[in-house]
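I have placed the structure first, in the form of structure tokens, so that the comments after it can refer back to it.
Each ligand, and each atom within it, is numbered from 1 in the order the structure gives. Source: prediction; values computed, not measured.
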Amino acid sequence: MNLVIVESPAKSYTIKKYLGKDYEILASYGHVRDLPKKELGVDVEKDFDPKYIIPPKSRRAISAIKDKAKDAKIVYLATDHDREGEAISWHVVQACGLQDQKIKRITFTEITKNAILDAVKNPREIDQDLVNAQQARRILDRLVGYKLSPFLWKKITAGLSAGRVQSIAVRLIVDREREIKNFVPKIYFVVLAELSKNKKNFTTKLTAIDGKPIEDEILASKKDVDKIVDEAKKEKWLVDKVAAEDKLRFPFPPFTTSTLQQSANYGLGFTSKKTMKLAQDLYEAGKITYMRTDSSNLSWLAVNSVRKFIEAEYGKRYLSDKAINYKTKSKGAQEAHEAIRPTYIETKPEELKIKTVTPDHTKLYEMIRNRTIACQMKPMEYQEINVEVKAGKYTFSAQGRKIKFDGFTSLTPIKFPEIELPILKAKDNLKLESIKNEEKQTQPPARYSEPTLIKVLEKEGIGRPSTYVPIISTIQQRGYVFLQNRFFYPQEIGEMVTDLLVENFPDIVNIKFTANVEEEFDSIAEGKLKWTAMLRKFYDPFIANINTKNKTVEKSKEFNQKIAKKCPKCQSELIMRVGKFGKFIACTSYPKCKYTENIVEKSNYKCPKCKEGDVVTRHGKGGRRFWGCNKYPKCDYINFTGPLPADISKIKNQKSKIQIKNKK
Ligand SMILES: [Zn+2]
Ligand SMILES: [Zn+2]
């Protein structure tokens with residue numbers, strides 16, 4: 001009998017089908033060892049020696065593996081094909097005390113019969129470099145979390161926590177919110193002329209004066225544009241140039257973890273967490289390749305079968321002239337992975353036979369399948385027509401677009417509408433139907449959503465396929481930011497923590513510094529860097545800075561300020577305090593007296609809903625702050641973003657007054 005170890009029961013179920021009765025499959029149920037929760041668990045004096053423990057939830061799995069391993073001829077470690085999976089295998093060996101000569105590590109990026117049999121035929125040893133890269137990440141995150149959090153407790157309030165990559169994600173959201181709050185919109189104008197030829201109308205836009213191009217947002221004076229309109233009205237309108245050009249639009253590369261999460265969010269409205277759960281189900285059921293990857297590469301076998309499929313299903317007309325190989329663009333692409341694709345391209349979404357298939361599994365699978373097929377299809381062909389029209393010294397332009405061949409968009413449509421123009425040639429006379437100027441406003445940068453945050457984490461090299469979901473979950477769980485209508489907003493406490501970290505631990509919240517740390521993890525995985533040396537280089541300056549800052553940084557005075565009012569319950573003094581959701585007022589006799597009150601900020605606005613009440617800050621469940629009507633519960637107006645919806649300029653100019661109200 002041979003024993004095969006995997007992480008999850010779903011995976012073992014699929015593998016069992018392919019290996020037959022000589023193999024017994026056991027699941028480790030995730031990680032079997034970890035650092036202890038109650039202490040640091042790392043001996044920084046002894047080369048960062050970690051003290052791993054077996055959590056209670058893993059004890060049953062461990063004893064089951066130990067038991068079966070005794071009689072097994074070979075123990076195959078078939079955990080996932082990445083650093084996390086390598087580490088789980090290593091921990092299983094350590095925790096179960098398995099003998100070296102008995103163990104073999106096998107990897108595969110898809111759970112299909114061929115891939116599994118092939119993996120069993122080509123086993124290897126555990127790759128200690130990959131294990132060490134994972135250990136280095138785990139230990140570094142532990143050191144930062146456990147050493148930095150107490151600093152926040154001392155300086156702000158108990159219960160806060162800091163994390164390595166998470167603190168940067170919070171900072172990005174805080175910085176963006178401030179950019180938006182400080183944004184001053186600029187008014188500008190565009191001049192639009194509706195022209196016609198042979199009764200066919202089209203719209204042109206002023207693009208140059210005296211041959212000098214007009215940049216967007218440059219026409220700021222209403223008087224100037226009124227003059228342009230008046231002058232142009234009197235001119236003769238003549239076609240100056242017509243240029244037609246054939247263009248191609250190429251398909252997108254197959255999915256990586258990051259692009260899958262982004263597309264599933266935009267296209268299907270799934271959170272990253274949900275997407276990864278569904279993708280894992282599909283992977284473990286043998287329907288798609290491994291879902292944690294930053295490679296957009298496809299195996300030649302996969303490319304061949306996709307191309308055969310396109311030819312049979314859509315005809316040669318739609319097959320790209322030669323096989324397209326997509327290069328991986330992201331920084332530090334990990335290990336020998338493939339893009340996310342179906343294991344059998346022929347399997348249609350409605351034919352997915354997995355244990356607990358839901359409509360969402362089907363939708364995600366269809367999205368992955370279509371993208372994989374499309375990547376070997378012909379590009380879309382279209383003609384772009386650029387027209388320049390002269391009216392005296394003014395140049396107006398229009399662009400037409402005609403699709404000649406739909407190519408890959410027949411399968412994965414894109415937003416790319418045709419724009420019709422009349423047939424025009426130089427010197428043609430045109431009729432001016434109407435001309436007007438339109439007022440526009442410059443827009444502040446957009447808040448981050450899950451997909452745009454993931455995109456920037458990947459672009460800056462501070463996120464990895466295995467970390468996007470944990471980062472996004474953690475920053476919300478800690479109460480530093482929240483999602484509202486798919487956009488991230490910082491909480492008051494998130495801003496306070498960020499400010500404190502930026503001032504005192506600039507490296508921890510610095511993108512370049514963190515990207516460099518991530519690159520060093522990659523170097524460890526490639527065997528180019530010793531993990532303990534990397535930890536030492538990080539830790540020594542970090543801990544020296546913490547020790548200094550613990551002594552020099554004072555607790556913010558604002559937080560223990562006395563309030564000119566006595567506690568209505570016990571007549572003790574009241575002070576300003578800070579909790580998980582920001583500032584509040586508490587009694588100095590705490591814990592004897594538990595009296596607290598929220599700080600109500602009043603805006604200068606009347607409630608837009610009932611027109612009677614004032615818009616003030618209110619506090620919801622657990623203390624989360626938002627703007628609402630002070631006539632509540634008579635009026636239920638609420639707004640999470642500010643006193644008034646989408647009116648940034650006014651919010652900026654208004655000075656809020658702090659006013660204290662008693663809690664009932
Ligand atoms: Zn009191
Ligand atoms: Zn109201």
Side-chain angles (χ1 to χ4, degrees), residues 152-160 177 180-181 185 444 447 479 482-493 496 554-664:
L152 298 179
W153 306 342
K154 249 189 253 173
K155 304 305 170 191
I156 302 180
T157 187
L160 296 175
E177 194 66 26
I180 293 169
K181 288 266 148 76
R447 289 190 175 82
F482 63 97
L483 263 182
Q484 183 73 21
N485 294 330
R486 291 205 201 172
F487 289 103
F488 281 114
Y489 295 86
Q491 299 275 24
E492 192 184 3
I493 195 74
M496 288 161 70
E554 300 224 333
K555 185 153 187 155
S556 177
K557 287 218 178 65
E558 199 186 341
F559 303 147
N560 280 319
Q561 228 173 39
K562 283 194 181 124
I563 307 295
K565 213 178 93 173
K566 290 267 148 64
C567 173
K569 258 188 173 169
C570 73
Q571 299 305 311
S572 305
E573 307 238 43
L574 290 177
I575 50 164
M576 186 88 89
R577 301 215 39 193
V578 179
K580 211 179 143 211
F581 287 97
K583 295 173 202 153
F584 65 99
I585 290 160
C587 179
T588 44
S589 303
Y590 181 85
K592 233 167 63 198
C593 171
K594 293 198 170 59
Y595 177 81
T596 61
E597 57 187 62
N598 289 323
I599 294 169
V600 176
E601 248 182 283
K602 189 173 171 289
S603 77
N604 295 331
Y605 296 103
K606 283 273 166 214
C607 170
K609 195 167 178 183
C610 67
K611 318 258 190 264
E612 243 180 72
D614 294 313
V615 177
V616 297
T617 56
R618 286 181 38 209
H619 293 77
K621 235 194 194 160
R624 185 205 268 191
R625 213 176 72 125
F626 56 87
W627 295 92
C629 180
N630 69 349
K631 291 275 187 265
Y632 180 84
K634 234 176 80 190
C635 169
D636 61 358
Y637 171 76
I638 58 167
N639 187 358
F640 285 91
T641 62
L644 280 184
D647 200 342
I648 292 141
S649 53
K650 281 183 196 144
I651 295 168
K652 185 183 175 278
N653 297 331
Q654 139 226 340
K655 284 203 181 77
S656 316
K657 288 171 200 129
I658 289 189
Q659 185 197 327
I660 294 158
K661 279 204 174 165
N662 282 336
K663 224 185 201 174
K664 267 153 237 145

Please note down the angle at the Zn ion (ligand 2) between SG of Cys607 and SG of Cys635, to the nearest 10°.
110°

Measuring from atom CD of Glu177 to atom CZ of Phe487, what distance do you get when rounded to the nearest 0.5 angstrom?
11.5 Å

Mind checking whether Thr617 and Ile599 have side chains closer than 4.5 Å, heavy atoms only?
no

Using 0.5 Å steps for rounding, measure from the CZ atom of Arg577 to the OG1 atom of Thr157.
6.0 Å

Cys610 SG and Cys629 SG subtending at the Zn ion (ligand 2) (10° steps)
110°

With no hydrogens and no angle check, is any side-chain donor or acceptor of Asn630 less than 3.5 Å from a backbone partner on Gly613?
no

How wide is the angle at the Zn ion (ligand 1) spanned by Cys570 SG and Cys567 SG, rounded to 10 degrees?
110°

